[in-house]
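Scroll down for the structure; my scribbles are underneath it.
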Amino acid sequence: MKTYAILGGGGSFGIHAAMYLLDHANPRKVIGIGRNPLRSKAFSLDIDKRDGYQYYARHITYELDLLLEILDKEKPDVIVNFAAQGEGAVSWKHSWRFFETNSMALARLTEELMKRDWLERFIQIGTSEMYGSVDHATKEDEPIKPSSPYAASKVAFDMYLMSVHKFLKFPMNVLRPSNAYCSGQLLHRVIPKAVLCGLTGQRLPLHGGGRAEKSYIHARDLGRAIHLTAEKAELGKIYNVGPQDPTSIRRVVELCAEAVGVPFEQLCEVTGDRLGQDSRYWLDSSAIKTDLGWEPKIGWEEGLADVVAWARDNLDELKRAPLDYTLRG
Ligand SMILES: C[C@H]1O[C@H](OP(=O)(O)OP(=O)(O)OC[C@H]2O[C@@H](n3cnc4c(=O)[nH]c(N)nc43)[C@H](O)[C@@H]2O)[C@@H](O)[C@@H](O)C1=O
């Protein structure tokens, strides 16, 4: 039986990972640690009501000592890190904030963890954005070509982890997921935003007509990849975690429109494209399939049904929540 600590535990992917572990990993305990108190029911999915779960609000960048106090008390066997400034589109301004959290705070934490003897494994959640735009399914050892300060800041910590694993035996794995989606996701992300716009008669600004192709998995499938990694991955291994094929954002939004029953043309208005928009993210995830038996199980129909049901159940609150992102601490 393991104790898991999930950093970035207040975000929707961290919450789904915690729920997956509670449901499938028979853990001693799952701890979530996030920079803010847990959000409302709509965005916390009531995770704090689950037996075996405990949440702490501690800031990984500004409250490292307080964070370490909790880790020293709980002594998790496995730490999973989702904590990040995660908005590529806004990382061109204040790019140092992305390096501060996504590289420097995590390197400081890692140095501290190396002084402890209780950690079995640290699983870093990286990103498919580090390969930049590709014309084929990318393997883990292919060139790293980040297209934004955000992606560059994620690369820096991945490379750091590789070095401390190689020479100091830091027990790590890196998962590089594709884009992910789920119930509880903040509304500035394209899938919950399209669903909410569809349900409320608002127009979705479709960047560049949605011609960029991205790869999507449901966050519960990512939870399963984390569980398998914690149970049986060789330390030091890095795995891509994505679906077989990418989907254009236009198609993703068409699927959202179908799921809420509104015409695509009524849902969208085409806007200019994102700065640094990569035209395609496409992962070759055959290594995690071969080594750990992971492949995604949740298709678009089931995954979007989860998002739509959540949005309908929480509609009053979601109508009051911000649709756009502002950089916070
Ligand atoms: C892998 C990566 O995945 C996530 O980042 P993201 O790609 O920004 O997330 P998303 O699922 O919101 O996809 C956005 C895509 O959809 C396009 N798009 C069109 N129209 C709208 C629109 O109206 N709003 C938004 N937000 N996007 C739109 C937009 O231009 C872009 O191509 C993070 O987890 C990040 O941490 C990470 O690592």
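One-based numbering, in listed order, for ligands and for the atoms of each.
- In this structure, of Glu129, Arg211, His207, Gln277, the residue bringing a heavy atom nearest to atom 21 (C) of ligand 1 is His207.
- Of the options Thr127, Val190, Leu275, Val90, the smallest heavy-atom separation from atom 12 (O) of ligand 1 is shown by Val190.
- Comparing His188, Glu87, Arg274 by heavy-atom distance to atom 8 (O) of ligand 1, the nearest is Arg274.
- Contacts between Lys193 and ligand 1 below 4.0 angstrom, taking non-hydrogen atoms only, involve the side chain exclusively.
- Taking any N or O of Asn179, backbone or side chain, at least one lies under 3.5 Å from an N or O belonging to ligand 1.
- Looking at ligand 1, you won't find any N or O of Asp273 less than 3.5 Å from one of its N or O atoms.
- Within ligand 1, counting atoms from 1 as listed, the ones closer than 4.0 Å to a heavy atom of Arg189 are 4 (C), 5 (O), 6 (P), 8 (O), 9 (O), 12 (O), 33 (C).
- Residue Ser178 has no nitrogen or oxygen atom sitting less than 3.5 Å from a nitrogen or oxygen atom of ligand 1, judged on distance alone.
- Ligand-side atoms of ligand 1 in range of Tyr216: 10 (P), 11 (O), 13 (O), range being under 4.0 angstrom from any heavy atom.
- Only the side chain of Lys214 comes within 4.0 Å of ligand 1, judged by heavy-atom distances.
- Checked against a 3.5 angstrom limit, the closest N/O atoms of Leu206 and ligand 1 fall outside it.
- For Pro205, a nitrogen or oxygen atom sits less than 3.5 Å from a nitrogen or oxygen atom of ligand 1, counting backbone and side chain alike.
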